[in-house]
Structure formats: structure tokens, C-alpha cells
There are 2 protein chains.
Amino acid sequence: MPISTKSRPGKTRPSKDTYHHGNLRQVLIDTTLQLIAKIRPENVTVRAVAKLAGVSSGAPFRHFPNRSALMTAVAEEAMLRLQEEVASSLKKAADKNPLMRFRAIGEAWIRWAVRNPSHFKVISDRSLLDSDASAAWRKRSQAIQAEGIRLLGEAQEQGLLPGVEIRYFHLAGRALVYGLARMYSDGHFASFGLDESRVDQIGESVLDAFFRVPVRPTKNHVGKPKDH
Amino acid sequence: MPISTKSRPGKTRPSKDTYHHGNLRQVLIDTTLQLIAKIRPENVTVRAVAKLAGVSSGAPFRHFPNRSALMTAVAEEAMLRLQEEVASSLKKAADKNPLMRFRAIGEAWIRWAVRNPSHFKVISDRSLLDSDASAAWRKRSQAIQAEGIRLLGEAQEQGLLPGVEIRYFHLAGRALVYGLARMYSDGHFASFGLDESRVDQIGESVLDAFFRVPVRPTKNHVGKPKDH
DNA sequence: CGGATAAAGTAAGCACCGCTTACATATGGA
DNA sequence: TCCATATGTAAGCGGTGCTTACTTTATCCG
């Protein structure tokens with residue numbers, strides 16, 4: 001079980017002693033996440049969210065103009081967490097070369113997608129979201145992109161990427177990481193003979209392949225079975 | 001406009017002069033594709049398909065047990081086309097080395113996804129499909145996988161992939177291509193500053209980056225504006 | 001304070017959805 | 001020829017997103 005269901009940014013006091021809820025907006029967001037952890041996000045209904053939150057089926061529409069807006073609010077939280085994960089990953093890799101720090105972004109991406117499957121689902125399936133999403137959403141997403149491109153520029157200056165167009169190398173990295181996370185999320189792993197519980201190690205190996213890190217002969221591929 | 005809407009495998013004679021339709025099953029599949037070309041597949045309703053095909057809203061359920069089964073039938077056609085595209089791509093690359101033939105599979109994948117967006121959409125969003133899809137579907141998919149791994153094995157024997165684990169190199173290639181196609185399909189290109197009409201050339205450049213093909217100095221990046 | 005006003009809840013209902021049931025019609029084999 | 005079967009229709013069930021009309025509560029200002 002991911003920790004997604006625990007509320008975070010808001011206080012989430014679902015005390016419904018009074019007629020007015022007090023903090024229904026945040027409670028609805030958290031409740032939606034709770035449901036996405038159990039059933040596919042496209043099957044989450046506003047009515048079910050309202051019921052679980054203990055309000056009438058019309059109440060959510062006082063806080064969100066429509067279902068997509070609710071999902072978009074969830075996506076905003078998701079993107080915030082991704083940005084945090086990326087920042088923490090970059091801090092850990094501060095001493096490494098720019099190419100490896102670029103890789104650290106990819107690792108953070110995969111780690112985030114795996115540990116927050118509910119968040120990832122709602123972000124990756126944009127049909128659930130408002131057509132032009134929120135400004136905050138776009139900003140965070142683009143900040144991560146910009147950092148990646150900056151790092152690749154540094155790498156090229158240091159001669160780490162001879163003859164490579166960084167614009168497309170960046171896009172390739174993004175597509176790689178996004179594609180892998182989505183394959184995991186969509187349950188494609190089984191048809192590739194992959195063990196879902198080893199997704200972290202698989203992610204590392206895939207990045208090794210992308211960055212052409214030579215196979216380490218004594219690499220321990222056992223790994224812990226699961227931690228949840 | 002993609003050619004997806006043109007019927008192919010069936011004769012598709014939607015003549016509804018008689019009470020009985022004659023070939024409703026195939027007509028429904030083609031009609032579904034027509035609709036997916038216009039609206040998101042998750043918004044395609046059975047009722048709308050039935051109406052467009054000129055039958056009652058209950059008629060489709062004589063041919064498909066549920067909506068997912070209809071979508072799965074569309075996906076089967078899609079996978080058939082993908083396999084054809086891969087086969088043709090491999091035939092053209094017959095004289096090249098195994099690594100470049102592996103790349104040719106990826107090129108076919110992207111080309112297929114771009115030219116048959118309706119098909120791609122229905123295949124990539126597995127939540128629309130029956131949980132365990134069809135046997136034919138899985139078989140075709142796995143045949144393509146097997147060919148890719150075989151080619152990488154050959155490449156390694158010829159020393160073209162020193163120190164790379166082919167299992168993960170294969171997975172990386174698949175994730176790369178799938179991720180790029182999905183980014184295109186989901187409209188992520190705009191937020192990456194990419195021109196959707198140049199997707200073919202972008203795909204080539206991304207594969208260049210993945211395979212570390214050096215930048216060709218005189219590469220003409222102008223290209224035609226659009227052909228549709 | 002206290003009362004107007006706005007915010008935020010409820011209940012009921014609309015059109016549409018996937019899917020089922022009961023019935024009507026056509027087809028093809030004995 | 002006749003009837004079993006395949007395949008269409010019409011009507012309807014429960015569930016959906018969302019709206020409307022109404023009710024209750026919080027807030028703010030004279």
C-alpha cells in the first residue's frame with residue numbers, strides 16, 4: 001500500500017458534526033486518492049467520493065465545477081510530490097557529473113511513479129484532467145524539463161555526450177522513463193516476463209542500458225521481495 | 001486524416017435494406033474506429049456506435065458481450081496492422097545489421113502509432129479492453145517481442161552491443177518507443193515545444209539519440225510542412 | 001449584538017450511459 | 001414447408017455527471 005491515502009497538504013479534518021463541513025475541498029481530494037488506490041481512476045465516480053466523504057452527491061460541485069477539475073486538483077498534488085522527489089534525488093547526486101544527475105531525474109521519476117501509483121495514474125491519463133490543466137501543473141512540469149536540458153548542456157560542454165543532439169537526447173530520456181512507468185502502471189510487465197516487485201531494480205537496469213553502463217559482473221540481482 | 005476509418009478486413013456492406021443487417025459485427029468495428037478518430041475512445045459510447053451504424057442501441061450486444069469486447073475487437077485489428085508494419089519495415093532493412101533491424105522495429109512502431117492514431121489509442125489504453133484481451137492479440141504482440149530479442153542476440157554475437165544486457169536493452173527500446181508514441185498521442189508534444197507534424201522526423205532523431213548515431217552535420221531539418 | 005448576505009450544504013430530477021429482458025422478424029436446414 | 005435459431009427492436013433498470021430549487025450556517029457590518 002502506498003502512502004498516497006494519507007492526507008498531507010491540507011489538515012483534512014473530516015469532522016462532519018456541523019452542517020458545514022469546514023474543509024470539504026481538501027477532504028474530497030484526499031478521498032479521491034483513497035478511491036484511486038482501490039479502483040481505476042476512470043471508474044472513480046463523484047457520487048462515490050461524496051458518499052465516502054459523508055456528504056450529498058451534489059456537494060462536490062460547490063467546490064469543483066466538474067469531475068475533471070477534481071481530478072486536476074489531485075494531479076496538482078501529484079506533480080508537487082514529483083517535484084519534491086526530483087529535488088531530493090538531485091540533492092543526493094550533487095557530487096556526480098551532469099549526465100548522472102540527469103539520470104537521477106529519471107530515477108526520481110520512476111521511483112515517484114512506482115511509489116505513488118494513484119498519483120501517477122491521474123497524471124498520466126490526461127483525459128481525466130481539464131483540457132488545459134492548471135497553470136501550477138504546467139509550471140512544475142516545465143521546471144523539471146528545463147533542469148534536465150540544463151544538465152545535458154553541461155554534460156555536452158564537458159564532452160560527455162559527443163555527437164549527440166541534446167534536445168532529442170532529452171526527449172529520448174523522457175520518453176524512456178515515461179514509457180517504462182506507464183508500462184508498469186498499465187500492467188504490461190507481466191507480458192514481458194518482468195517481476196513487478198523488482199520494478200526499482202528493473203528501472204536501474206533499463207537506465208543502465210540507456211546510458212550504456214557496462215554490466216557489472218558481480219551485480220547482486222536478488223533484492224528484497226517487497227517492503228509493503 | 002489517417003486511413004483508419006476505411007474498412008479493410010471485412011467487406012463492410014452497411015446496407016440496411018433488410019431487417020437483418022448482414023455484416024453488423026464488422027460494421028460496428030469500423031464504425032467504432034470512425035468515432036475514435038473524432039472523439040476520445042473512452043468517450044465512445046455503444047449507443048453512439050449503434051446509432052451511426054443505423055441499428056438499435058441493443059443490437060451491438062448480440063455481437064459483443066460488452067463494450068470492452070467491442071474495443072478488444074478493434075484492438076485486434078490494430079495489432080494486426082502493427083504486425084504488418086513491422087514485417088514490412090524489417091523486409092526493407094533486410095540488408096542491414098541486426099541492431100539496425102532492431103531499430104527498424106521501433107521505427108515501424110512509431111510509424112504505426114502515428115498513422116493509425118485511433119488504433120494506437122485503443123491498444124495503449126488497456127482499461128478499455130477485456131482484462132485478458134484475446135489470445136490472438138497476445139500472440140502477435142509476443143511475436144514482435146521475440147523477434148526483437150532475437151535480433152539483439154545476433155547483435156551481441158557480432159560485438160555490436162558490448163557490455164549491455166540485451167534483456168534490458170530490449171525493454172529500454174520498447175519503453176522508449178511506447179513512451180514517445182504515447183506522448184504524441186496524448187498531446188504532450190506541445191509542452192515540449194515539438195511540432196506534431198514532424199513526428200516522423202522527431203522519432204528518427206530520438207532513435208538516433210538512443211542508438212548514439214552521431215549528428216549528421218548536413219542533415220536537412222526543414223521537411224515538408226504537412227501533408228494533410 | 002443582530003440581521004442581511006453570501007457560502008455551502010441537501011434533495012430531487014434531467015439526460016445519458018451500459019446492459020438486460022421480452023418480443024418480433026428473417027434465415028437456413030430437415 | 002416448417003420450425004429452431006440467429007439477429008434485430010423497444011422498453012426499462014440502476015447508475016452516471018451535473019443542475020436546479022431550496023435550506024442551513026457562517027460572516028460581516030451598522
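Lettering of chains follows the sequences in order, A, B, ..., and the numbering in each one begins at 1.
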| query | Mind checking whether B:His188 and A:Tyr178 have parallel, tilted or perpendicular rings, split at 30° and 60°? | reply | tilted

| field | Atom pair distance, as rounded to whole Å: CE in A:Met71 and C1' in D:dC18 | value | 15 Å

| query | D:dC18 P sits how many Å from A:Leu70 CG, rounded? | reply | 10 Å

| Of B:Ser56 and A:Gly58, whose nearest nucleotide on DNA chain D comes first from the 5' end? | B:Ser56

| message | Need to verify one output field. Residue with the more 5' nearest nucleotide on DNA chain D, A:Asn43 or A:Pro65? | response | A:Asn43

| said: Rounded to whole Å, please give me the gap between CZ in B:Phe61 and C1' in D:dT9. | reply: 14 Å

| field | B:Val55, nearest nucleotide to its side chain (from D:dC18, D:dT9, C:dG18) | value | D:dT9

| request: Using a strict 4.0 Å threshold on nitrogen-to-oxygen distance, state whether B:Arg103 and B:Glu107 make a salt bridge. | output: yes

| How long is the line joining CG of B:Leu35 and P of C:dC17, in whole Å? | 11 Å

| message | Can you measure A:Ile39 atom CD1 to D:dG15 atom P for me and round it to whole angstrom units? | response | 14 Å

| field | N/O donor-acceptor pair under 3.5 Å between A:Arg67 side chain and A:Val44 backbone | value | yes

| field | Nearest-Å distance for atom pair CZ/P, residues B:Arg62 and C:dC23 | value | 13 Å

| task | Provide, to the nearest angstrom, the distance between the CZ atom belonging to B:Phe64 and the C1' atom belonging to D:dA6. | result | 16 Å

| said: If you compare every side-chain N and O of B:Thr45 against the phosphate oxygens of C:dC17 (OP1, OP2), does one of them come in below 4.0 Å? | reply: yes

| Whole Å only: how far is the CZ atom of A:Arg25 from the P atom of C:dA7? | 16 Å

| request: For B:Arg47, report the nucleic acid contact type (base, sugar-phosphate, nothing); a contact means any heavy atom under 4.0 Å. | output: base

| said: When you measure from the side-chain N and O atoms of B:His63 to the phosphate of D:dA6, is any distance below 4.0 Å, counting only OP1 and OP2? | reply: no

| Between A:Phe102 and A:Phe169, what is the ring plane arrangement, given parallel below 30°, perpendicular above 60°, and tilted in between? | tilted

| said: Quiz question: by atom type and distance under 3.5 Å, do the side chains of B:Gln26 and B:Asp30 form a donor-acceptor pair? | reply: yes

